[in-house]
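Values in this document were obtained by computation on a predicted structure and should not be read as measured data.
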Amino acid sequence: MKIVFLVLTTFFSIGINASNFVSMKIPQSTIMVEAPNIIVALPPSYKSDTTKKYPVLFVLDGETNGELVDGMLQRLHLSNGSNEHIIVGVTSSNRLRDFAPTVNKDPRGPVGEGGGGDKFLDFLETELIPEVNTKYRTNDHNVIAGHSIAGLLVIHSFQSRPNLFQGHLAFSPAVWWGERETSQATKKYVTTAKHIQNYLYMNIGSESGEMRQVYDSLAQIILRNRNIDFNVRFDEFEHEGHDFTMAAGLYNSLKGLFKHQQKLGI
């Protein structure tokens with residue numbers, strides 16, 4: 001809990017008294033029957049530096065996690081530890097339906113739930129990202145972040161659409177989901193891809209049992225198969241529960257992202 005306390009203290013210490021987020025209206029989706037709620041926070045320099053273009057960080061469960069990410073990014077930027085980002089919060093009313101790539105058939109979990117992950121990525125790729133690029137000054141460097149089942153979607157996107165996002169932040173990703181399809185597909189991707197140019201952050205907390213076993217197996221395969229342009233950072237927070245791993249890992253994940261972006265000249 002000490003790490004989480006420090007992260008939250010950093011967030012509140014920058015003096016944000018009101019939300020920087022505003023709702024973003026998008027055209028009616030032709031992909032999603034129930035479109036997610038979209039909120040956007042612009043960096044402090046956006047209005048004053050009218051020629052600058054910014055990377056975009058898409059935060060899944062944005063209504064819950066957006067403020068935390070925005071606060072940490074601002075604090076890091078003040079200390080020259082991060083680029084400024086446009087933050088787009090994306091919140092689904094049904095996380096299992098929209099974030100899980102496959103339908104779960106394992107009786108130990110919610111049977112019949114999930115399966116909409118690819119449709120959700122279609123929405124991001126063909127509707128939301130183009131709309132963000134139209135409305136705001138972006139530089140075509142996109143990052144996606146998510147926790148738990150949203151983290152599973154981050155990993156699914158990494159292996160199934162490797163060019164959609166240039167950075168992936170997955171906090172306690174639910175790689176145990178279903179028949180472990182996403183974990184297996186990711187292992188195959190990293191062992192067969194000729195070259196990967198991306199940034200991947202994963203972490204895990206005090207989770208144990210099969211969840212930890214599947215995560216560890218995936219992490220080991222990724223670490224053994226990274227190349228010079230595939231920047232990877234993994235953290236283990238053995239004293240932090242599942243609900244706190246995003247707060248615990250946010251600092252390290254964003255610092256690692258900054259180093260990756262510096263290598264790319266972002």
Side-chain angles (χ1 to χ4, degrees), residues 7 10-12 14-32 34-78 81-95 98-99 117 119-147 150-151 153-154 157 161 164-171 199 201 246-247 250 253-254 257-258 261 266:
V7 171
T10 298
F11 166 58
F12 287 113
I14 67 174
I16 297 178
N17 297 316
S19 175
N20 292 320
F21 285 91
V22 296
S23 295
M24 175 181 170
K25 294 183 179 180
I26 60 174
Q28 184 173 354
S29 176
T30 62
I31 297 173
M32 305 289 293
E34 187 177 8
N37 183 53
I38 309 299
I39 54 177
V40 177
L42 299 177
S45 70
Y46 190 87
K47 290 184 179 181
S48 60
D49 192 346
T50 58
T51 62
K52 185 176 181 180
K53 296 184 178 181
Y54 299 83
V56 183
L57 175 51
F58 293 84
V59 180
L60 302 178
D61 299 314
E63 291 183 350
T64 302
N65 299 320
E67 297 284 0
L68 182 65
V69 175
D70 184 36
M72 179 59 75
L73 271 174
Q74 287 195 41
R75 185 63 186 86
L76 285 171
H77 179 68
L78 289 173
S82 175
N83 288 314
E84 289 185 298
H85 289 67
I86 296 170
I87 302 176
V88 179
V90 187
T91 302
S92 167
S93 63
N94 188 326
R95 300 174 74 247
D98 290 338
F99 295 161
K119 180 180 287 188
F120 198 85
L121 290 179
D122 287 341
F123 164 75
L124 295 180
E125 182 172 11
T126 65
E127 295 185 342
L128 181 57
I129 292 176
E131 188 69 14
V132 170
N133 291 340
T134 297
K135 289 188 174 183
Y136 303 103
R137 299 192 308 273
T138 62
N139 65 4
D140 297 321
H141 184 88
N142 296 316
V143 182
I144 186 170
H147 173 261
L153 183 67
V154 171
S157 176
R161 309 187 193 201
L164 181 56
F165 296 98
Q166 290 68 56
H168 299 77
L169 317 181
F171 305 92
Y199 171 68
Y201 174 87
M246 184 166 186
L250 194 56
S253 66
L254 294 177
L257 175 64
F258 182 47
Q261 291 173 339
I266 301 299

Beyond-backbone contact of [X] with [Y], side-chain heavy atoms, under 4.5 angstrom:
X: F120; Y: L153; answer: yes
X: M24; Y: V90; answer: no
X: L164; Y: I129; answer: yes
X: T51; Y: D49; answer: yes
X: S157; Y: V154; answer: no
X: Y199; Y: L169; answer: yes
X: Y46; Y: R137; answer: yes
X: T64; Y: T91; answer: no

Atom [atom1] in [X], atom [atom2] in [Y]: separation rounded to 0.5 Å?
X: H141; Y: L57; atom1: NE2; atom2: CG; value: 9.5 Å
X: D70; Y: N65; atom1: CG; atom2: CG; value: 12.5 Å
X: L254; Y: L73; atom1: CG; atom2: CG; value: 5.0 Å
X: L121; Y: I144; atom1: CG; atom2: CD1; value: 6.5 Å
X: M32; Y: D122; atom1: CE; atom2: CG; value: 9.5 Å

Kindly say whether P36 contributes a backbone atom to a donor-acceptor pair with the side chain of S92 at under 3.5 angstrom?
->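 It does not hold such a pair.
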I need the minimum non-hydrogen distance between [X] and [Y], along with the two atoms involved.
X: G62; Y: I39; value: O-CD1, 3.8 Å
X: D61; Y: A150; value: OD2-CB, 3.7 Å
X: G146; Y: L60; value: CA-CB, 4.3 Å
X: L257; Y: H85; value: CD2-NE2, 4.0 Å
X: R95; Y: H147; value: NH2-O, 3.3 Å
X: M246; Y: V69; value: CE-CG2, 3.8 Å

Please enumerate all residues that pass side chain to side chain contact (heavy atoms under 4.5 Å, CB included) together with [X], with sequence neighbours excluded.
X: T138; value: V56, I86, V132, N133, Y136
X: E127; value: S29, T30, I31, F123
X: E84; value: P43, P44, S45, K52, Y54, H77

Non-neighbouring partners of N83 that pass side-chain hydrogen bond (donor to acceptor under 3.5 Å, both in side chains), sequence neighbours left out |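 Listed in chain order: Q261.
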For K119, check salt bridge (Lys or Arg N to Asp or Glu O under 4.0 Å) against everything at least two apart and list the hits.
-> none
Apply salt bridge (Lys or Arg N to Asp or Glu O under 4.0 Å) to E131 and list each qualifying residue two or more places apart in sequence or on a separate chain.
-> K135
Side chains of N37 and E63, donor plus acceptor under 3.5 Å = yes
